[in-house]
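Have a look at the structure below before the remarks.
Letters A, B, ... are given to chains in the order of the sequence lines, protein chains preceding strands, and every chain is numbered from 1.
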There are 2 protein chains.
Amino acid sequence: MIIERLIERLRIMPGIGPKSAQRIAYYLLDRNRHGAIQLADALVEAMQQIKYCDRCRTYSEVERCAICCDQGRDVTRLCIVETPADQIALEQVTGFRGYYFVLLGRLSPLDGVGPEAIGLDRLQQRLQEGEVEEVIIATNPTAEGEATAHYISEMVHQHALKVTRIAHGIPMGGELEFIDPTTLNHAFNRRVTVERFNR
Amino acid sequence: MIIERLIERLRIMPGIGPKSAQRIAYYLLDRNRHGAIQLADALVEAMQQIKYCDRCRTYSEVERCAICCDQGRDVTRLCIVETPADQIALEQVTGFRGYYFVLLGRLSPLDGVGPEAIGLDRLQQRLQEGEVEEVIIATNPTAEGEATAHYISEMVHQHALKVTRIAHGIPMGGELEFIDPTTLNHAFNRRVTVERFNR
């Protein structure tokens, strides 16, 4: 039946279980059929037209994304992230004015995701162009993200370039009592020296 | 831009905020473009083809829904619910074999939702047909649901028919300590006599 089919297909979205899917289906039927049709149009348009930037691999509807096209950014700094969402998050809050490289994944040999699948051959080429001076690795602090970071840092070091990794530790505003043991241990062992403010 | 438009339109769904919408958009682009197109098809199909049953007002792709078409049910009992989702929930768990009437809303004079907007003129006609003997009111125990229940019970009483209301109280498995005060007070004051099992 049509409603059941809609509910079933709504469930392909992450975080949408059977109850939410039913609620969404009824809500759209009841209150916003016009909006639902517009959503369907946007889905088709995006799925058919969004490709990948040929330089940084982020999602783009044109061959090269807006950031890669921006000549005013600092070409000496390249920030490596796992996903376009990570890139947007950093772009929104950090004021970073270099360029990005998006892996669209992380190394995962057991799942057959090797260096080429996450574009490291193209990263290699990019480093050979000779403009990048610092590679900032901002993969996630998961086991696979860490392994990917390690692999990339080895690769960058072969080019004798500076490699940095975004800091990990207690989140700002976090309370020590409630932090998971791994983070707490990492934060304690990688403690940083506090410089004297006035000498 | 296309992605922004998709993210914005995903937000018409209840329970989907900006973060979830972004996550869904990237997930579909990254992992399931085919599924997203199928979802778009299902949305258009449902929005264009789902109408209302001409007897009970629930969603139906044909003029009269399957339950209303089922001649084997108990015509003397009519259960009144606010939404098709409520009807499905009752149908799945209660074993009720009468018919339903779906209000598709609740009385809300301040929002301009009067008796006709929730189909009470058609309910009136249905009661005049003379087959219904018991009206079971299963509107939600909210202020508006209660007001709607009250209005309907007055209406049914004019036809000298039996009116029942689904029971409200402590949910099965609930712990008194954590129940909200209104429910607890209601449950205490509407306590029911326990009959002796053996005489």
A/H150, NE2: over 12 other non-hydrogen atoms inside 6.0 angstrom
no
What are the residues of residues 50-67 of chain A, in order of number, with any heavy atom under 4.5 angstrom from a heavy atom of chain B?
A/I50, A/Y52, A/Y59, A/E61
Under 4.5 Å from a heavy atom of chain A, the part of B/Y26 involved
both
With respect to chain B, which residue among A/A42, A/S20, A/A25, A/G35 yields the maximal number of heavy-atom pairs within a distance under 4.5 Å?
A/A42
Counting only heavy atoms not in A/H168, do more than 12 sit closer than 6.0 Å to its NE2 atom?
yes
So do the side chains of A/I37 and B/Q48 get within less than 4.5 Å of each other, counting heavy atoms only?
yes
Using a heavy-atom cutoff of under 4.5 Å, enumerate the residues of residues 120-136 of chain A that contact chain B, numbered in order, or state 'none'.
none
Starting from the C-alpha separation in whole Å, work towards a yes-or-no answer on side-chain contact (heavy atoms from CB on, under 4.5 Å) for B/M13 and A/M13.
CA-CA 12 Å; B/M13 298 187 287; A/M13 297 187 288; 3.6 Å; yes
Report the distance from atom CD1 of A/I3 to atom CD of B/Q49, rounding to the nearest 0.5 Å.
11.5 Å
Just so I know, are the side chains of A/D30 and B/T83 near enough to count as touching, which here means a heavy-atom distance under 4.5 Å?
no
Mind listing the closest non-hydrogen atom pair of B/Q38 and A/R9 along with its distance?
O-NH1, 3.0 Å
Considering all heavy atoms of both residues, which atom of A/R23 and which atom of B/P14 are nearest to each other, and what is their separation?
NH2-CB, 3.8 Å
Atom pair CG (B/L28) and CD1 (A/I12), whose distance is rounded to the nearest 0.5 Å:
5.0 Å
Qualifying residue for side chain to side chain contact (heavy atoms under 4.5 Å, CB included) with A/L43, from B/V44, B/L39, B/D41:
B/L39
If every non-hydrogen atom of B/A36 is compared with every non-hydrogen atom of A/M47, which pair is closest and at what distance?
CB-CG, 3.5 Å
Any side-chain heavy-atom pair of A/L6 and B/E45 under 4.5 Å
no
Side chain, backbone, both or neither of A/Q22 within contact of chain B (heavy atoms, under 4.5 Å):
side chain
Among A/G105, A/G15, A/P84, which residue forms the greatest number of heavy-atom pairs with chain B at distances under 4.5 Å?
A/P84
With a 4.5 Å cut-off on side-chain heavy-atom distances among I, L, V, M, F, W and Y, is there a chain of contacts connecting A/Y99 to A/V163?
yes
Around atom NE2 of A/H157, are there more than 12 heavy atoms from other residues, nucleotides or ligands closer than 6.0 Å?
yes
Do A/V75 and A/Y100 belong to the same hydrophobic cluster, where Ile, Leu, Val, Met, Phe, Trp and Tyr are linked whenever their side-chain heavy atoms lie under 4.5 Å apart, directly or via other members?
yes
